[in-house]
Asker: 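Structure below; questions to follow.
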Amino acid sequence: MDRPDVSDRATLRKSFWAPGALPAARLRRGGGERLASAQKPLPPGSFGLPLLGETLSIAWNNHGFFIKRFKKYGHVFKSHLFGERVVFFVGPEAFTFFLDERYFTRARGSPGHVQELLCYDSLPLIDGETHRTRKRLILHAFRKEALDAYVPIIQRITSKFIEQWARRGDLTWRDEFQKMGSALVLELFTGQVAGPANAHVASAINDFLKGFTAAPIKLPFTTYGRAIRGRDQLLAHIDEALRQHHQRRFEDVLSELMEARSPDGSRLEDDVLRLELMHLFFAAYGGVYVSLTLFTLALSQHPELWQRARDEVRRVSPEGPITPEQLEKLTFLGQFSQELRRFFPINSTTFFAQVKAPFEYGGYHVPAGWRAAACVHVAMHDPDVFPQPERFDPDRFDARCPMHLEENSYIPHGGGAPDGHRCPGEPVITLLLKIVGTLLLRDYTWELPPQDLKLNRDFFPTPCSGLKVKFRRLPG
Ligand code: HEM
């Protein structure tokens, strides 16, 4: 069989995959001897138990699964998950290779239950020109002018929660950020002001999220069955929002998406809009509550960084409406939010792809038909990429002394071009963290009572205690 040996590509020749250019540890972990093509072995790793493979291990501890295997096998390893053989890539070069459309497609790449949860036809599950055209339309809702218009909406919604917390005093922040997250996605995405629908949507999204790590048995009383029901409730909510948006314009993401046009005049039709909005809903909700919980945890754990962030906020935006110009000037808060997404485990991998053509990489052979994904969190804890990775240090991202980072090194939101599979939510989360950070740091303070701050094994890990806090307004 005529297999392209992509490890010979000029871009990789100087890399750590090439024998001779490699430190000893790298050779042991990933490179290995260059063998005649036919002899190249499959990547290291285990296919686990017959039928089940290693599915139970990943369901038990998603992030732990990858940390353990990266330590044991290095930058390329195999597994058997959800009935499929899978190859995982770790590191900037491997990530760049994983984006090569000659060998990988996202179409039919994700496990069956993920495809069912995401209705088979949303951005992570499609590829090529169909994906690019649709993604460019979706990005219309996240361009600079649109994001600027979201700033007062985000400030209004989040201020209400914060004022209420100061009146209550004792809170569990993860629960509060979940409520804030559902209010934000409801209003920002579908123009619906928070009310009784809020709790209903939050519970539908929570049920839906649990479906990703559940056994895919679709019965009314199983976790997966409830996840599908949650999905259908979200779709019903979105259908109602679509009906209302056909009657008038709202100041929200859905209106932006309905107005988006391709150069040839095509647009997102309602059947596509409802699926995409459903995915945006759950991605944004998860992203919002998890990043805000970790943001306040990290501030609490680093008093000196908290003080620097507070000094910056009081200098740049001491009171009143927060403007997009002020947000741009909050550089330290921006660095803090970047480091947060590097440091904490949020997403373990990209969405899965399918191997279209057999290839050789790093001295290993991978046949067509396997599944593939690039690791996100463990890749940003590789000391060869980010020195002292276990140190929480926002100054890594100080633009005045830039780190030398290879392409696709900083990948909390995936990598590659914006109209590829990279997450469109990156600027939304940056904006949100800066707005909520400004509001919290200007006028409030808090203490964490003794509690278990260890991160749990949830799909998106947060402190086991939920992050209990004593919250108050500063006098004056
Ligand atoms: C801290 C917050 C977030 C993190 C860490 C995050 C991370 C990611 C990652 C790792 C991917 C997979 C990229 C890939 O498969 O190559 C992704 C995809 C995606 N994210 Fe996010 N995300 C966050 C928030 C959001 C938000 C707020 C939105 C919506 C506004 C969003 C919408 C999406 C969408 C639509 C995709 C699929 C893109 C595609 O396949 O073309 N995410 N995200």
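Numbering of ligands and ligand atoms starts at 1, following listing order.
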Asker: Do Phe208 and Tyr224 have ring centres separated by under 6.0 Å?
Answerer: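 Ring centroids of Phe208 and Tyr224 are no less than 6.0 Å from each other.
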Asker: List every atom of ligand 1 that sits less than 4.0 Å from any heavy atom of Lys135, numbering the atoms from 1 in the order shown and giving each element.
Answerer: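 Listed by number with element, the hits are 38 (C), 39 (C), 41 (O).
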Asker: Is it the case that Arg69 places NZ or CZ above or below the six-membered ring of Phe65, under 6.0 angstrom from the centre and within 45 degrees of the axis?
Answerer: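 So Arg69 does make the cation-pi contact.
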Asker: Using the benzene-type ring in the case of Trp, are the ring centres of His279 and Phe282 under 6.0 Å apart?
Answerer: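 Distance test on ring centres: under 6.0 Å, yes.
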Asker: Can you tell which part of Thr350 has a heavy atom less than 4.0 Å from ligand 1: side chain, backbone, both or neither?
Answerer: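 The answer is both.
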Asker: Would you please say whether a donor-acceptor pair under 3.5 Å links the side chains of Arg341 and Ser337?
Answerer: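 Note: Arg341 and Ser337 side chains meet the donor-acceptor criterion.
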Asker: Is it the side chain, the backbone, both or neither of Glu426 that has a heavy atom closer than 4.0 Å to ligand 1?
Answerer: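 No part of Glu426 comes within reach of ligand 1.
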Asker: Is the closest side-chain donor-acceptor distance between Asp252 and Tyr150 under 3.5 Å?
Answerer: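 Side chains of Asp252 and Tyr150: no pair found under 3.5 Å.
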Asker: Is there a donor in the side chain of Trp446 and an acceptor in the side chain of Ser300, or the other way round, less than 3.5 Å apart?
Answerer: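 Side-chain D/A pair, Trp446 to Ser300: present.
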Asker: Where's the contact between Cys423 and ligand 1, heavy-atom distance under 4.0 Å: side chain, backbone, both or neither?
Answerer: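 The answer is both.
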Asker: Checking side-chain polar atoms at under 3.5 Å, does His200 have a donor or acceptor matched by the opposite partner on Gln233?
Answerer: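 Looking only at side-chain atoms, Gln233 and His200 do not form any donor-acceptor pair under 3.5 Å.
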Asker: Atom 2 (C) of ligand 1: which protein heavy atom is closest, and how many Å away?
Answerer: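 Among all protein heavy atoms, the one nearest atom 2 (C) of ligand 1 is Ile429 CG1, 3.5 Å.
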Asker: Report yes or no: does Ala373 have a heavy atom closer than 4.0 Å to ligand 1?
Answerer: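 Ala373 does not count as a contact of ligand 1 under the 4.0 Å cut-off.
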Asker: Between Leu123 and ligand 1, find which residue part has any heavy-atom pair under 4.0 Å and reply side chain, backbone, both or neither.
Answerer: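 Looking at Leu123 and ligand 1, atoms from backbone and side chain both fall under 4.0 Å.
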Asker: In ligand 1, which numbered atoms sit nearer than 4.0 Å to a non-hydrogen atom of Ala284?
Answerer: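 Numbered from 1, ligand 1 contributes 26 (C), 27 (C).
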Asker: Quick one: which of Asp458, Thr293, Thr296, Thr462 gives a side-chain hydrogen bond (donor to acceptor under 3.5 Å, both in side chains) with Arg174?
Answerer: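 Testing each of Asp458, Thr293, Thr296, Thr462 against Arg174, the sole residue satisfying side-chain hydrogen bond (donor to acceptor under 3.5 Å, both in side chains) is Thr462.
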Asker: Decide whether an N or O pair under 3.5 Å exists between Thr349 and ligand 1.
Answerer: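 No, since none of the N or O atoms of Thr349 sits under 3.5 Å from an N or O of ligand 1.
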Asker: What part of Arg106 sits under 4.0 Å from ligand 1 if we count only heavy atoms: the side chain, the backbone, both or neither?
Answerer: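 Side chain only.
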Asker: Check whether any N or O atom of Phe351, backbone or side chain, sits under 3.5 Å from an N or O atom of ligand 1, and answer yes or no.
Answerer: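 N/O-N/O distance under 3.5 Å: yes.
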Asker: Ring centres under 6.0 Å, that's the criterion: do Phe66 and His377 meet it?
Answerer: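 Centroid distance Phe66-His377: not below 6.0 Å, so no.
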Asker: Which residue supplies the protein heavy atom nearest to atom 33 (C) of ligand 1, what is that atom called, and how far is it?
Answerer: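 Of the protein heavy atoms, Pro424 CD, 3.3 Å lies nearest.
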Asker: Within 45 degrees of the axis of the six-membered ring of Phe386 and under 6.0 Å from its centre: does Arg342 put its NZ or CZ there?
Answerer: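 Yes.
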Asker: Using distance alone, determine whether His421 and ligand 1 share an N or O pair under 3.5 Å.
Answerer: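 Yes; the residue has a nitrogen or oxygen that sits under 3.5 Å from a nitrogen or oxygen of the ligand.
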Asker: Let me check your reading of the structure: within less than 2.8 Å of atom 21 (Fe) of ligand 1, is there an N/O/S atom from His413?
Answerer: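 Checking atom 21 (Fe) of ligand 1 against His413, no N, O or S atom falls under 2.8 Å.
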Asker: Can you check whether Phe177 and Trp165 have ring centres sitting under 6.0 Å from each other?
Answerer: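 That pair passes the under 6.0 Å test.
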Asker: Counting each atom of ligand 1 from 1 as listed, which ones have a heavy atom of Pro412 under 4.0 Å away?
Answerer: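 Numbered from 1, ligand 1 contributes 5 (C), 7 (C), 10 (C).
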Asker: Number the atoms of ligand 1 from 1 as they appear, then name those within less than 4.0 Å of a heavy atom of His131, with their elements.
Answerer: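 Here the atoms of ligand 1 in question are 39 (C), 40 (O), 41 (O).
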Asker: What's the shortest distance from atom 26 (C) of ligand 1 to any protein heavy atom, and which residue and atom give it?
Answerer: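 Going atom by atom, the protein heavy atom closest to atom 26 (C) of ligand 1 ends up being Gly425 CA, 3.5 Å.
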Asker: Give the numbers and elements of all ligand 1 atoms closer than 4.0 Å to a heavy atom of Gly287.
Answerer: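 Near Gly287, meaning under 4.0 Å from one of its heavy atoms, ligand 1 has 2 (C).
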Asker: What atoms of ligand 1 come closer than 4.0 angstrom to any heavy atom of Phe142?
Answerer: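 It comes down to these atoms of ligand 1: 30 (C).
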Asker: Just which atoms of ligand 1 are under 4.0 Å from any heavy atom in His279?
Answerer: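 Going through ligand 1 atom by atom, the ones under 4.0 Å from His279 are 34 (C), 35 (C), 36 (C), 37 (C).
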Asker: Test Phe89 against every option in Phe97, Phe95, Phe77 by the ring pair (Phe, Tyr, Trp, His ring centres under 6.0 Å) rule and name the one that passes.
Answerer: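 Among Phe97, Phe95, Phe77, the one that satisfies the ring pair (Phe, Tyr, Trp, His ring centres under 6.0 Å) with Phe89 is Phe97.
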Asker: Between Phe336 and Phe397, is the ring centroid distance below 6.0 Å?
Answerer: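 They do not qualify: ring centres at least 6.0 Å apart.
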Asker: Using a strict 4.0 Å cut-off to heavy atoms of Gly414, name the atoms of ligand 1 that fall inside it.
Answerer: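 Heavy-atom distances to Gly414 below 4.0 Å select 10 (C).
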Asker: When you measure from atom 29 (C) of ligand 1 to every protein heavy atom, which one gives the shortest distance, and what is it?
Answerer: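 Looking at atom 29 (C) of ligand 1, the protein heavy atom closest to it is Leu280 CD2, 3.7 Å.
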